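Below: one structure, written as structure tokens.
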Amino acid sequence: MRTIRTGQDANASSGSARPADSGASTAHRVRSVLAIPAFRRLWMVCALCSIGDWLSLLALSALVTKMTDIYLVKSFALSAVVATQLLPAMLLGPLGGVLADRFDRRKVMVVADLLRCGLFLSIAFVGELWWLLIANFLIGVCALFWIPAKDSSIPNLLRRPDQVETANQLGLVMTYGISVITAAGLFSAISAVGPTLNLRSELGLAYIIVIINGLLYLTSAVVLATRIKEISGRRRGRGPTQAPVGTPREGLEQPGLFAMLREGVRFIGTTPLIRGLLVGIAGAFAAGGAVIACAKLYAASLSGGDTAYGMLFFAVFLGLGLGMATAPRLAQRLPHNRLFGIAIVLAALALVVVALAPHLWVALAAVTLVGYCAGAAFLTGQTIIGSQVEDAVRGRTNAMVQLIMKIILFGATAVVPLLVGLVRPRTVTVFGEEMQIDGTRPVLLGAGLVAAVVGVVAYRQMDDRRSEPILSDLLHALRGGDDRRRGGGGLLIAVEGDTIADTATQAQRLAEWLRAGGRDVVLAGDPALDERRLRGVLEGASLSGARAHALVAAAVRADVVERRIRPALASGALVVMERFVDSPLAHLGASSGLGAAELEGLADWATGRLRPDVTVLLDRDPAGLGDARPDANGWDGMEHHWRVQRILTEMAAADPDRYVVVDGDGAADEVARRVREAVRPVLAERRVVMPDGPSSLAAGAEAQ
């Protein structure tokens, strides 16, 4: 007999129903992604390469200052290193995406890492400034090929599309957090240990750091070549089926490089979602470049020196980290396209406040908000590309995003200082406080207004024209509602399982028990009626294909959601829905061979991404079905029931925040008691009035 997962014991099981905003939820999402061996290894490879990237920035800029005695050259050391690495992206940006979509991505990454290793070693052996700059340019070319291949491979290594957001979150934390600290610490440690080892030559010490950097890329190449062969796989469409690299699409030979480049540009230009994404990213990075370019002078305008500059720098990165950390929870309440547009507009409005801030503390709060919104927008944009762009063009899309980012950032940092210099500083009095107005204020104000307009344009491009106003969506998210499409104070409970007989019985008994608590309870959906409607459409229109079946089933479910479930939830009722989405998906997946991602996407569209507050999964042993007689769907066979039960169990394990798994074997009364015990903690959290105590449970059972 299986264990009943209820009460406190449920909190430790994969079938528990914990609130979506709990800390355990984030920990579970991270663990579930890192539990995938191929992704975990790629994540560690990205850590090595990120440490190498940051370490190279420090090491090469240090080398430039040591290879020349000319003060002017020394003053431009960091700028020269950054410029020579940005230049390849501006000259050859889309080419990296074409290679990622055309060739084996693992081989592209391995070759790029080997070349980077050789180039870093050559810097130490040649020992000339001119070669350092050339080699750094070529290292930037290798990174140009490596990054789109890596970004495009990540979604293919994951088990489900909803894991893309967590994977991107882990990558950004590693790239802009852990790797920065590790590289800085490693650089400082090597520099400090040099005198101990009698390495008196600072130039020789810098060469040692460069060699270590090359060995990091060599390690990355070895791991990619030997331990992450899954990167060579491709996906057809959005399903889970893997196709070998180089397989002609639709039976045709793949086009050449320039034809693929034109195809990628055409795809981006004709796809509103991606077009809006690029427009939004351009506006966001233009504003970000303006902030970076005039941050030092802006701190001076607040009557602060290096201390104020450091505080502003810390505030923006603090906000950036917080935005990346909390974006997944916001995405539980808002669709990604709306979250992206809102984040950019709010960042722009916060930048306007920065421009008008009369005091340092106001500026710090506004700058933190700018960073927060920018972090949320950046992670959301990465998630949109990873989860909603086809694998065949994902590399070119990622490359175009990288190109836009670098061109806009480079242009902003070059133009903004010129604009700031056109305005003469003035001192004005605001509320008795003297305030210095220099060129940074109008530049930041203009950047904020431009970014706000761009954010609105991006949102209009990406909006899916849903009926809900964006303001109500935003207010609902800020109030902490955990469903993206729900109004009112209702609660949706779904009862899922292999057979209609089990789910119908338990859904009815659960609804009767809830009514005893005095709440308005709606028992939504009649599987038998839904099945008659489904069969009527299929037979009347002479439809027999698996995809046609799935589309008609989605239409039937969409009608139930719009006619019964949404109005009931809006009125504040408790809704018990038998076989809401999971059971139909499991049966279709087990019998039709359609990809899980395709079916889930269709179900999301049909229900408007409505999610139950809790799903009760009846975990029954298919062997207990005896002769496995056909159910109302017409499917039979013990093997089919085992496949369905396995799919349902995997769904519950993948999203434990929304599921309680209940032992479905035994008498109906005993199973009903387990269901009530399982949902009681969830209802208590929502302050739902319930029949209290064991006596009421028994009374409920007797009444039925």
Side-chain angles (χ1 to χ4, degrees), residues 33-53 88 92 94-120 138-159 163-164 167-168 170-171 174-175 179 214-249 254-257 260 264 382 385-387 389-399 401-402:
V33 171
L34 291 179
I36 303 171
F39 174 79
R40 184 173 64 251
R41 295 183 187 118
L42 180 60
W43 188 63
M44 296 307 297
V45 163
C46 292
L48 289 176
C49 291
S50 296
I51 293 171
D53 291 340
L92 307 170
L95 185 58
V98 173
L99 295 181
D101 288 338
R102 178 64 177 83
F103 299 109
D104 185 326
R105 290 168 181 162
R106 181 170 62 99
K107 293 179 180 178
V108 170
M109 295 171 70
V110 169
V111 171
D113 277 339
L114 290 175
L115 289 174
R116 285 196 281 190
C117 171
L119 288 167
F120 272 109
L138 297 176
I139 289 168
V141 173
C142 295
L144 179 70
F145 298 150
W146 195 91
I147 293 174
K150 180 264 296 182
D151 289 341
S152 305
S153 301
I154 288 176
N156 295 347
L157 303 181
L158 305 175
R159 294 177 182 138
Q163 293 179 319
V164 171
N168 287 333
L170 285 170
M174 176 59 72
T175 302
S179 295
L215 295 178
L216 289 176
Y217 289 110
L218 177 62
T219 304
S220 170
V222 172
V223 174
L224 285 167
T226 61
R227 301 288 293 166
I228 323 179
K229 297 182 179 180
E230 294 87 346
I231 294 178
S232 295
R234 296 293 180 95
R235 287 189 179 182
R236 292 192 181 100
R238 295 180 187 174
T241 304
Q242 296 289 325
V245 172
T247 302
R249 293 175 296 176
Q254 292 197 38
L257 295 181
M260 291 186 70
Q382 291 288 97
I385 294 173
S387 60
V389 175
E390 296 288 350
D391 181 72
V393 292
R394 193 182 299 137
R396 281 162 284 180
T397 305
N398 276 310
V401 169
Q402 293 290 326

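FYI, side chains are in, hydrogens and waters are out, and symmetry mates aren't considered; it's all heavy atoms of this structure. Please read these numbers as outputs of a predicted model, since none were measured by experiment.
With hydrogens and angles ignored, the 3.5 Å screen pairs no side-chain donor or acceptor of R116 with any backbone N or O of A143. Checked by atom type and distance alone, the side chain of D101 pairs as donor or acceptor with a backbone atom of R396 at under 3.5 Å.
With contacts defined as side-chain heavy-atom distances shorter than 4.5 Å, the pair L95/F145 qualifies. L115 is not listed as a side-chain neighbour of L138, based on a closest heavy-atom distance of 4.5 Å or more. Taking 4.5 Å as the limit, every side-chain heavy atom of Y217 sits out of range of all side-chain heavy atoms of V222. Taking the side chain as every heavy atom from C-beta outward, V98 and F103 never approach each other to under 4.5 Å. Considering only heavy atoms from C-beta on, I36 comes within 4.5 Å of L158 through its side chain.
Taking CD1 from I154 and CZ from R394, the interatomic distance works out to 10.0 Å, rounded to the nearest 0.5 Å. S152 OG to R105 CZ: the interatomic distance, rounded to the nearest 0.5 Å, is 4.5 Å. Atom CD1 of I139 sits about 13.5 Å away from atom CG of L144, to the nearest 0.5 Å. With rounding to the nearest 0.5 angstrom, the OG atom of S153 is 6.0 Å from the CE atom of M109. Atoms NZ and CD1, from K150 and I231 in turn, are 10.5 Å apart once rounded to the nearest 0.5 Å.
The nearest pair of heavy atoms linking L114 to A221 is CD2-CB, 3.7 Å. Closest approach of P148 and A399 over heavy atoms only: CG-CB, 4.0 Å. Heavy-atom minimum distance, A225 versus V110: N-CG2, 3.8 Å. Residue L218 comes nearest to C117 through the heavy atom pair CB-SG, 3.7 Å, listed as atom of the first residue, atom of the second, then distance.
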Enumerate donor-acceptor pairs with a distance under 3.5 Å from any side-chain N or O in residues 39-51 to protein atoms, sequence neighbours excluded.
residue	atom	partner	partner atom	Å
R40	NH1	L34	O	2.7
R41	NH1	R227	O	3.3
W43	NE1	L170	O	3.1
S50	OG	C46	O	2.8

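By the side chain to side chain donor-acceptor pair (under 3.5 Å) test, S220 pairs with D113, sequence neighbours left out. Scanning for side-chain contact (heavy atoms from CB on, under 4.5 Å) contacts around V401 gives L278, I281, I385, M405, with sequence neighbours left out.
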